[in-house]
2 protein chains.
Amino acid sequence: MRRRSKQREVILNLLKRTKSHPSAEWVYTEVRKEIPNISLGTVYRNIKLLQSMGEVSEISCEGDECRFDGNTILHYHITCQRCGKIMDLDGIVLQSLEERVAAATGFKITNHCVGFKGVCPDCLEQSSPERYKYKVRLY
Amino acid sequence: MRRRSKQREVILNLLKRTKSHPSAEWVYTEVRKEIPNISLGTVYRNIKLLQSMGEVSEISCEGDECRFDGNTILHYHITCQRCGKIMDLDGIVLQSLEERVAAATGFKITNHCVGFKGVCPDCLEQSSPERYKYKVRLY
DNA sequence: TTATTTGCAAATCATTTGCCCGAAG
DNA sequence: CTTCGGGCAAATGATTTGCAAATAA
């Protein structure tokens, strides 16, 4: 069973109120204002843990396996931030947005993506610990 | 001025026809079937270069700085894959999608993002070389 | 007490870079 | 020729892990 720790609480609070995407290093620097001798390893461990619990929503949508090219049917994904499972979302496509955005910005657009992050039904049930095996990603 | 090289051509062709997001390591393995003594460094250099030229659209939307929480106004971004410039896209928000997707999948959704990738007008003009200073990201 | 979490340091992994050589123009 | 691009190996940077000590339940 999971124990609470001051370190984890401070990190969670920090992430909850942070507007931009913090780097692990930045989190480390900030948290040390409250817990001067916390170690970087602990910061990494807890970010990862909080992600796997679905507590952290500040993490980016990085890793959304989105892609688009002429041959492929465009579709979007939803990723479980705990077990890493990725499901396709069919029936939603925003292709027309590309043209609108190209016109508005002057960019040569190569692709776009839509991705959702969350915790899947299976993982919501089981509160089993330490299965967080995915890399810490904040960006 | 930029010279062509067999290595770059092979890598570009491979990326063009690859459906999933290849890792640099995977690209390396594949390319070695054609050019057995290519080095991993060359693979990295060329992927990066191709990205900065807007030739590669297979790269993911990673890094889209997307975020969402109650306090913040949700908005999307477009990123120049050459100079890294990020522009806000205002006036488009797909918030209602979250509820639809939650209902359809049973996920506890923590956030979603929409991102566009391309080459910005400034970079499209200047064909100047070697300003690609961003990390290689494939995912 | 006992299982979990920490701090620390060493290990690992991905990516980048320096240098000299071979090749494209 | 004269650069540019490549191979190789060493350097860097980020993240993870092993372990003994500290701490929550």
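Chain letters run A, B, ... following the sequence lines, proteins first, then strands; residues in each count from 1. Treat the numbers as computed from the prediction; the structure is a model and nothing was measured.
- Taking side-chain N and O atoms only, A/Ser5 has a distance below 4.0 Å to OP1 or OP2 of C/dT6.
- The side chain of B/Thr42 contributes no N or O atom lying less than 4.0 Å from OP1 or OP2 of D/dG6.
- Phosphate contact (OP1/OP2 of C/dT5, side-chain N/O of A/Arg8, threshold under 4.0 Å): present.
- Computed from coordinates, the B/Asn46 CG to D/dG6 C1' distance equals 9 Å when rounded to whole Å.
- Side-chain atoms of A/Arg4 and base atoms of D/dA25 include no donor and acceptor less than 3.5 Å apart.
- Taking atom CD of B/Glu25 as the reference point, atom P of C/dT15 lies 8 Å away to the nearest angstrom.
- Between A/Gln7 and the phosphate of C/dG7, there is a side-chain N or O to OP1/OP2 separation shorter than 4.0 Å.
- Counting to the nearest Å, the C1' atom of C/dA14 and the CH2 atom of B/Trp26 are 18 Å from each other.
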### Task
Carefully, step by step, assess A/Val43 and A/Glu25 under the rule side chain to side chain contact (heavy atoms under 4.5 Å, CB included).
CA-CA 9 Å; A/Val43 169; A/Glu25 204 64 52; over 6 Å; no
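- Note: CG (B/Leu50) to P (D/dG6) measures 10 Å, nearest angstrom.
- Summarising the geometry, the separation between CD1 on A/Ile35 and P on C/dG7 is reported as 7 Å, rounded to the nearest angstrom.
- The OH atom of A/Tyr28 sits 9 Å away from the P atom of C/dG7 (whole-angstrom rounding).
- For A/Asn37, no side-chain nitrogen or oxygen approaches OP1 or OP2 of C/dC8 to under 4.0 Å.
- For the atom pair CG of B/Leu14 and CD of B/Glu9, the computed distance is 13.5 Å after rounding to the nearest 0.5 Å.
- Atom C1' of nucleotide C/dA23 and atom CZ of B/Arg3 are separated by 8 Å, given to the nearest angstrom.
- Atom CG of residue A/Asn37 and atom CZ of residue A/Arg32 lie 10.0 Å apart, to the nearest 0.5 angstrom.
- The nearest whole Å value for the distance from the OH atom in B/Tyr44 to the P atom in D/dA11 is 19 Å.
- Here the CD atom belonging to A/Glu34 is positioned 11.0 Å from the CD atom belonging to A/Gln7, to the nearest 0.5 angstrom.
- Taking 3.5 Å as the limit, the base of C/dT16 and the side chain of B/Arg45 contain no donor-acceptor pair of atoms between them.
- Expressed to the nearest 0.5 Å, how far CD of A/Glu30 lies from CD1 of A/Ile35 amounts to 12.5 Å.
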